[in-house]
Amino acid sequence: MADSNSSTDSVSIDVETIYLGGKEHVIRTGCGSVSVIVYGDHEKPPLVTYPDLALNHMSCFQGLFFCPEAASLLLHSFCIYHISPPGHELGAAAIHPEDPAPSVDDLADQIVEVLNFFGLRSVMCMGVTAGAYILTLFALKHRERVLGLILVSPLCRAPSWSEWFFNKVMSNLLYFYGMCGLLKDFLLYRYFSKEVRGTAEVPESDIVQACRRLLDQRQSINILRFLQAINGRPDITQGLKKLQCRTLIFVGDSSPFHSEALHMTAKLDRRVSALVEVQECGSMVTEEQPHAMLIPMEYFLMGYGLYRPNQFSGSPRSPLSPSCIAPELLSPESMGLKLKPIKTRIESKVPGAQR
């Protein structure tokens with residue numbers, strides 16, 4: 001769906017379609033076209049999402065937004081703008097190989113063009129792994145445009161040697177074999193814990209099977225371009241202290257990027273940041289254990305004066321209770337709530353229901 005005849009002067013809608021209750025806008029930017037699915041009331045504060053490699057909002061955020069309590073919190077508080085990496089939207093055509101490949105800086109700057117198109121001054125951001133890096137880079141480059149960051153298994157350093165090699169292997173598989181079974185296994189390892197990926201004796205969980213089917217719909221060249229951008233990312237650690245927006249980080253303790261999330265948390269201003277480690281979970285907490293995100297997000301958003309309807313009625317579906325939250329969370333600070341590290345333990349998995 002990307003357009004090689006992109007304009008650097010302006011952005012414009014090429015296509016608008018009604019999509020699962022949201023409207024898709026395909027916006028032409030200086031580095032190609034980008035798909036944005038918009039849900040909710042445009043008068044509400046904006047929340048921008050950005051998914052991980054080879055995913056879009058359906059495969060990366062569906063579990064979270066189909067979780068009734070989380071949907072109640074997020075859709076009550078925000079208008080949602082799901083941005084897909086170029087060529088990652090459903091039904092995307094293959095990007096022409098001769099089109100210039102974007103860098104991570106290009107992708108971060110593309111978000112500015114999207115915000116300008118919709119007339120958005122400042123936004124809340126939610127990203128997963130590669131998407132979390134893009135949104136963090138965007139926040140560093142355009143601090144005045146970001147109200148806060150909700151990051152899931154984020155990256156901030158340049159790839160380690162092992163990650164760089166792993167990404168190179170995936171790049172070669174994409175180039176020579178496309179979306180083959182081995183590549184899907186590599187991606188699923190990136191996303192999910194072994195508990196849901198299954199074994200020779202235990203079948204894959206429903207979310208893993210659904211993700212396999214959605215990966216079949218991706219164009220190999222489009223994934224390769226995003227992967228190459230992420231594999232060439234610079235280290236942005238030094239800039240993290242300059243971030244003064246509140247930042248909430250989630251990571252599964254089985255995530256390949258667990259140490260990256262701990263490193264990033266250590267470099268952020270502790271007065272306005274918090275880490276939530278979700279036990280027995282992989283990188284994609286939004287899909288594997290979305291209920292673990294609910295109460296930490298509630299307390300995080302309270303600092304902005306945002307609340308979930310009937311939030312104090314108690315939710316038997318939530319894996320956390322207010323007593324699990326450090327009392328210091330509610331201590332007022334100059335910028336709002338004081339956030340402290342939180343750990344969660346999920347004793348049982350309760351599948352989310354569609355709204």
Side-chain angles (χ1 to χ4, degrees), residues 1-6 26 28-35 50-60 83-110 127-134 137 153-155 157-192 197 204 208-235 255-257 260 282-284 287:
M1 194 174 281
D3 188 342
S4 60
N5 298 319
S6 59
V26 179
R28 185 176 299 163
T29 75
C31 59
S33 295
V34 61
S35 170
Y50 210 103
D52 192 18
L53 175 72
L55 304 175
N56 54 38
H57 79 287
M58 284 296 293
S59 45
C60 194
I83 301 177
S84 290
H88 280 53
E89 67 274 12
L90 287 175
I95 299 173
H96 196 283
E98 294 183 2
D99 286 355
S103 65
V104 288
D105 282 288
D106 292 331
L107 296 173
D109 291 339
Q110 191 176 58
V128 177
T129 312
Y133 178 92
I134 298 297
L137 180 60
S153 305
L155 309 170
R157 291 183 287 194
S160 63
W161 183 89
S162 58
E163 186 198 342
W164 181 90
F165 180 78
F166 193 79
N167 290 343
K168 279 294 185 181
V169 171
M170 289 201 295
S171 296
N172 287 334
L173 288 172
L174 280 165
Y175 185 82
F176 291 107
Y177 301 104
M179 187 55 73
C180 60
L182 182 56
L183 178 63
K184 289 182 197 174
D185 289 339
F186 282 175
L187 289 170
L188 293 171
Y189 169 80
R190 177 187 177 97
Y191 306 148
F192 298 112
R197 292 200 312 272
E204 291 179 340
V208 173
Q209 292 178 31
C211 190
R212 276 191 185 276
R213 292 191 294 270
L214 289 167
L215 288 173
D216 278 330
Q217 302 171 20
R218 301 283 79 79
Q219 297 285 349
S220 301
I221 182 64
N222 302 356
I223 299 171
L224 179 59
R225 289 161 61 93
F226 190 26
L227 177 57
Q228 289 172 335
I230 289 299
N231 212 30
R233 68 183 186 268
D235 190 321
S255 168
F257 306 106
E260 290 294 315
S283 299
M284 201 156 41
E287 289 294 306

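We use all heavy atoms of the structure for the numbers below, so side chains are in, but hydrogens, waters and symmetry mates are not.
To the nearest 0.5 angstrom, L174 atom CG is 5.5 Å from L224 atom CG. Between I83 atom CD1 and I134 atom CD1 the span is 10.5 Å, to the nearest 0.5 Å. Note that OG of S153 is 9.5 Å distant from CE of M284, once rounded to the nearest 0.5 Å. One distance of note links SG of C211 with CD of E204; it measures 9.5 Å at 0.5 Å rounding. One finds the OG atom of S84 at 5.0 Å from the CG atom of N56 (value rounded to the nearest 0.5 Å). Taking CG of L173 as the start and OG of S220 as the end, the distance is 10.0 Å to the nearest 0.5 Å.
Residues in residues 173-185 take part in these salt bridge (charged side-chain N to carboxylate O under 4.0 Å, His left out) pairs, two or more places apart or across chains: K184-D216, D185-R212.
Scanning both residues, L53 and Y191, for their nearest heavy atoms gives O-OH, 2.6 Å. Scanning all heavy atoms of the two residues, the minimum distance from F192 to R197 falls at O-NH1, 2.6 Å. Contact record, N222 with A93: ND2-O, 3.0 Å, taken as the closest heavy-atom pair. The two residues M179 and R218 come nearest to each other via the heavy atoms CE-CB, 4.4 Å. When all heavy atoms are compared, the tightest approach of S33 to V26 is CB-CG1, 4.0 Å. I230 and P159 make their closest contact through O-CG, 4.0 Å (heavy atoms, listed as atom of the first residue, atom of the second, distance).
For F186, the ring-ring contact (aromatic ring centres under 6.0 Å, His included) partners are F166, not counting sequence neighbours. With sequence neighbours left out, the side chain to side chain donor-acceptor pair (under 3.5 Å) criterion links Q219 to no other residue. Residues passing the ring-ring contact (aromatic ring centres under 6.0 Å, His included) test with F257: none are found, sequence neighbours excluded. Judged as a ring-ring contact (aromatic ring centres under 6.0 Å, His included), and not counting sequence neighbours, the contacts of F165 are W161. Taking the salt bridge (charged side-chain N to carboxylate O under 4.0 Å, His left out) definition, one finds that D105 meets it with K141, sequence neighbours left out. With sequence neighbours left out, the side chain to side chain donor-acceptor pair (under 3.5 Å) criterion links Q228 to no other residue. Judged as a side chain to side chain contact (heavy atoms under 4.5 Å, CB included), and not counting sequence neighbours, the contacts of D106 are C31, P102, S103. With sequence neighbours left out, P154 forms a side chain to side chain contact (heavy atoms under 4.5 Å, CB included) with A132, L151, I249, A261, M264. Applying the side chain to side chain contact (heavy atoms under 4.5 Å, CB included) rule to P256 yields the partners Y189, S283; only residues at least two apart in sequence or on another chain are considered. Listed by chain and number, the residues in a salt bridge (charged side-chain N to carboxylate O under 4.0 Å, His left out) with E260 are R157 (sequence neighbours excluded). Residues satisfying the salt bridge (charged side-chain N to carboxylate O under 4.0 Å, His left out) criterion with R190, sequence neighbours excluded, are D52.
S171 contributes a side-chain N or O that, together with a main-chain N or O of N167, makes up a donor-acceptor pair within less than 3.5 Å.
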Verdict with supporting geometry, L182 and Y177, side-chain contact (heavy atoms from CB on, under 4.5 Å) | CA-CA 10 Å; L182 182 56; Y177 301 104; over 6 Å; no

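Using a 4.5 Å heavy-atom cutoff, the side chains of H88 and L55 are not in contact. Looking only at side-chain heavy atoms (C-beta outward), L107 and P86 come within less than 4.5 Å of each other. By the 4.5 Å heavy-atom criterion applied to side chains, P51 and S59 are not counted as neighbours. Proximity of P85 to V34: side-chain heavy atoms (C-beta onward) are nowhere separated by under 4.5 Å.
One finds a salt bridge joining R233 and E163 here, because a Lys/Arg side-chain nitrogen approaches an Asp/Glu carboxylate oxygen to under 4.0 Å.
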